[in-house]
Structures are given as structure tokens and as C-alpha cells.
Amino acid sequence: MHSPDAGKGFRDGVEAFSPARTSADDGPHPYYTEQLLKGLKERDVKATFFITGKNVEMYPEIVKKIHQEGASVIQMTLPQYLMDRITGHA
């Protein structure tokens, strides 16, 4: 006997869930974050960036670009009101 949910999410052996998602930690970085965003866009992969307040303050334009590209941004050390101001949610 098999479960009524058996096979849900699969079609002909291929997973039918949403595209892949990944994460990047401790950015943004002026070279590596740009390269990562380019590769993610080419592959239609969404990402969550865990960023540090120090790097946000050093590279606010990269944080804006991460946000504009549709990635999730989670800051680990910066007060939320400053993060909102940088991403335009203030």
C-alpha cells in the first residue's frame, strides 16, 4: 500500500518544486558579491544574503543591488532602521 501523497512534487522523475535557493554569508563584498549575483541571475536561482553591518556601511550600493535583484537580505548586526534606510524601505 502506498501513501496518497506519494509522488507529489515529482513528474516523470523530475522534481517539480520551485527553483533552487542558496545563501551567502558575511557580505557584501565588492568583487565576490557581484560575481555571485551575476551567476545567480544567469541560472535563475534566488538567494538569501546574510550580511554584516560593517560591510553594509562600507558597501551600501551593493546592498541595494542585492535587494533590487530580488534576493532576500538579512543583516546580522545593523539596527533595522538603518537597514531600511539603505534598502529604501524607510
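Computation of the quantities below employed the complete heavy-atom set of this structure, encompassing side-chain atoms and omitting hydrogens, waters and symmetry-equivalent molecules.
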Colleague: When rounded to the nearest 0.5 angstrom, what is the spacing between CD1 in Ile62 and CZ in Phe49?
Modeller: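 Reported value, rounded in 0.5 Å steps: 10.5 Å.
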
Colleague: Just list the side-chain donor-acceptor pairs under 3.5 Å for residues 30-42, sequence neighbours left out, or say none.
Modeller:
from  : atom 1 : to    : atom 2 : distance (Å)
Thr33 : OG1    : His29 : N      : 2.8
Thr33 : OG1    : His29 : O      : 3.1
Glu34 : OE1    : Lys65 : NZ     : 3.0

Colleague: Under 4.5 Å between any side-chain heavy atoms of Ile51 and Val73, yes or no?
Modeller: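 Side chain of Ile51 against side chain of Val73, heavy atoms only: contact under 4.5 Å found.
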
Colleague: Any donor and acceptor pair, going by atom type alone, linking the side chain of Asp26 with main-chain N or O of Phe50 inside 3.5 Å?
Modeller: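 Flag not set: sc Asp26 to bb Phe50 has no pair under 3.5 Å.
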
